[in-house]
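Inspection log for the structure reproduced underneath, given as structure tokens.
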Amino acid sequence: MTSLEAARELLSEFPVVDGHNDLPWALRAQVRYDLDARDIAADQSAHLHTDIPRLRAGGVGAQYWSVYVRTDSPDPVAATLEQIDCVRQLLDRHPGDLRPALTAADMEAARGEGRIASLMGAEGGHSIANSLGTLRGLYGLGVRYMTLTHNDNVDWADSATDEPKAGGLTAFGREVVREMNRLGMLVDLSHVAATTMRDALDASSAPVIFSHSSARAVCDHPRNVPDDVLERLPANGGMAMVTFVPKFVLQAAVDWTAAADENMRAHGFHPLDTTAEAMKVHRAFEERRPRPVATVATVADHLDHMREAAGIDHVGIGGDYDGTAFTPDGLADVSGYPNLLAELLDRGWSKADLAKLTWKNAVRVLDAAQDVARGLQATRPPSNATIESLDG
């Protein structure tokens with residue numbers, strides 16, 4: 001049996017729980033949620049990284065669908081609700097393949113049924129507009145993690161890619177973490193500054209996640225996780241889910257990406273814009289200046305390091321498909337996960353290791369966070385604190 005065959009066999013039993021996929025945003029940006037125009041029951045490789053046939057081919061058993069909205073959205077709460085509605089429409093359209101999931105037990109039930117457990121994660125604290133009531137509202141609608149920031153600071157937390165303002169978390173930011181713990185909503189530390197990571201670990205009584213981040217020791221980008229933070233995950237119980245985005249995993253891609261982003265801005269596009277018009281600008285830039293190419297091995301290097309720093313019980317996968325313009329060779333879309341597992345098998349990862357990487361760790365972390373929440377809810381009422389009352 002080849003490594004690729006062995007990888008596919010393992011995925012049939014322990015499929016991938018992927019921490020982050022931006023399909024809802026791609027559907028918003030490309031077709032304004034016209035799900036007939038992007039019917040994911042059919043091959044959408046001309047437009048998207050994600051569709052059901054390729055999720056099946058990739059051995060995906062659970063997906064956290066990102067309900068991301070841009071930080072400059074005029075009404076981020078309404079836009080987040082539209083993103084949630086998009087996920088619900090997808091679930092209604094494809095009940096034979098996608099199963100709504102709110103708990104670890106739901107994830108296991110979906111695996112038993114051969115369906116893809118579908119969870120939601122809000123990407124950025126701007127989605128709650130400084131309101132703990134809104135946070136609870138998102139949880140009630142099914143959101144099971146929130147990334148504390150996206151690329152820009154929020155009033156109560158510093159982002160990895162903005163100028164420091166809060167010095168990590170403010171008092172209200174710590175209250176957000178505590179309320180997420182009480183709800184059973186995972187605290188996601190992708191995108192946040194290292195100071196915010198450390199403050200959140202100090203404040204959280206439940207496991208945290210990094211839904212799509214890699215190792216800073218392997219690629220020195222502020223979006224990645226420093227070793228001292230990875231080393232704290234065993235005590236916390238959380239996990240770091242490696243991302244595939246070339247500019248976060250390949251050092252040579254960092255400078256190229258900075259130039260490409262500046263080129264996008266010069267042409268009037270946001271650097272994260274993946275519409276057809278924006279991609280034409282990207283491709284023209286790439287023709288003039290070929291981009292450094294990440295590979296499956298590049299991603300595996302990060303996982304090797306993350307396993308060494310945090311331990312096998314604290315690693316996972318969060319590809320960030322449909323949220324990036326470029327992907328590594330061998331990981332072009334959601335069908336590529338077997339290639340990564342084959343590479344890890346060739347490096348000596350055991351099948352038991354890979355079962356934790358793909359499925360077991362993510363299920364355990366959600367279950368643990370919800371167990372903490374049950375205890376907190378028995379002793380603590382919902383917080384009605386405001387940012388004004390805590391931060392002045």
Side-chain angles (χ1 to χ4, degrees), residues 1-21 43 45 49-64 107 110-112 114 116-117 210 212-215 217-219 224 230 239-246 248-253 292-321 324 326-364:
M1 182 183 293
T2 67
S3 297
L4 187 58
E5 289 169 340
R8 288 180 172 138
E9 182 180 87
L10 183 139
L11 287 168
S12 68
E13 184 176 2
F14 296 106
V16 169
V17 180
D18 184 276
H20 194 88
N21 184 301
D43 178 17
S45 56
H49 294 144
T50 309
D51 53 51
I52 289 170
R54 285 180 290 166
L55 287 167
R56 295 296 198 182
V60 177
Q63 180 66 67
Y64 279 94
M107 296 170 73
R111 182 168 71 122
I116 299 166
F210 292 83
H212 58 307
S213 294
S214 296
V218 180
C219 180
N224 288 336
L230 287 171
M239 66 185 296
M241 307 174 89
V242 71
T243 192
F244 301 165
V245 180
F248 303 146
V249 297
L250 184 65
Q251 194 66 51
V293 178
T295 66
V296 173
T298 310
V299 176
D301 288 344
H302 282 266
L303 281 171
D304 279 343
H305 183 84
M306 292 159 73
R307 180 178 67 165
E308 181 179 349
I312 188 58
D313 294 317
H314 306 283
V315 292
I317 297 172
D320 203 8
Y321 284 117
T324 178
F326 305 112
T327 54
D329 279 1
L331 295 169
D333 55 43
V334 295
S335 67
Y337 301 100
N339 297 329
L340 177 59
L341 266 62
E343 173 72 18
L344 295 173
L345 283 168
D346 288 342
R347 293 179 179 216
W349 286 52
S350 70
K351 291 184 178 180
D353 289 343
L354 294 178
K356 290 183 176 183
L357 173 74
T358 59
W359 182 263
K360 291 184 176 182
N361 290 345
V363 174
R364 173 189 58 77

Do D18 and V334 have side-chain heavy atoms sitting under 4.5 Å apart? no
Is the shortest distance from a Lys or Arg side-chain nitrogen in D353 or R307 to a carboxylate oxygen in the other one below 4.0 Å? yes
What distance separates T2 OG1 from E9 CD, expressed to the nearest 0.5 Å? 10.5 Å
Nearest 0.5 Å, what's the CZ-OH distance between R54 and Y321? 10.0 Å
What I'd like to find out is whether the side chain of V16 reaches to under 4.5 Å of the side chain of Q63, using heavy atoms alone. no
Taking R8 for the side chain and A57 for the main chain, is one N or O donor matched with an acceptor at less than 3.5 Å? no
Can you list everything that forms a ring pair (Phe, Tyr, Trp, His ring centres under 6.0 Å) with H212? Sequence neighbours excluded, please. H20, H191
Start with the C-alpha gap between R56 and I116, add the side-chain angles, then the distance that decides, and say whether side-chain contact (heavy atoms from CB on, under 4.5 Å) holds. CA-CA 9 Å; R56 295 296 198 182; I116 299 166; 4.1 Å; yes
Measuring from atom CE of M306 to atom CZ of F210, what distance do you get when rounded to the nearest 0.5 angstrom? 9.0 Å
Under the ring pair (Phe, Tyr, Trp, His ring centres under 6.0 Å) test, which residues partner F14, sequence neighbours left out? none
With sequence neighbours left out, what residues match D301 under side chain to side chain donor-acceptor pair (under 3.5 Å)? R347
Passes side-chain contact (heavy atoms from CB on, under 4.5 Å), W359 versus M107? Steps please. CA-CA 10 Å; W359 182 263; M107 296 170 73; 4.2 Å; yes
Quick check: does any side chain N or O of D333 sit under 3.5 Å from a backbone N or O of T327, one acting as donor and the other as acceptor? no
Report the distance from atom CE of M239 to atom CD1 of I317, rounding to the nearest 0.5 Å. 8.5 Å
Ignoring hydrogens and angles, tell me if any N or O in the side chain of H302 forms a donor-acceptor pair with the backbone of V242 under 3.5 Å. no
Would the distance check show the side chain of D320 and the main-chain N or O of T243 forming a donor-acceptor pair, the cut-off being under 3.5 Å? no
Taking C-beta and beyond as the side chain, do D43 and P53 meet within less than 4.5 Å on heavy atoms? no
Quick one: does T298's side chain get under 4.5 Å of P328's, heavy atoms only? no
Check whether any side-chain heavy atom of W349 lies under 4.5 Å from a side-chain heavy atom of I312, and answer yes or no. yes
Quick check against the 3.5 Å criterion: does N361 have a side-chain atom that pairs as donor or acceptor with the backbone of K356? yes
Can you check whether G58's main-chain N or O pairs, donor with acceptor, with Y337's side chain at less than 3.5 Å? no
Backbone of F248 reached by a side-chain donor or acceptor of N224 within 3.5 Å: yes
Option among D313, V17, L340, L344 that satisfies the side-chain contact (heavy atoms from CB on, under 4.5 Å) test with L357: L344
Rounded to the nearest 0.5 Å, the CG atom of L303 sits from the OG atom of S214 at a distance of 7.5 Å
Distance check, rounded to the nearest 0.5 Å: L341 atom CG versus L10 atom CG? 6.0 Å
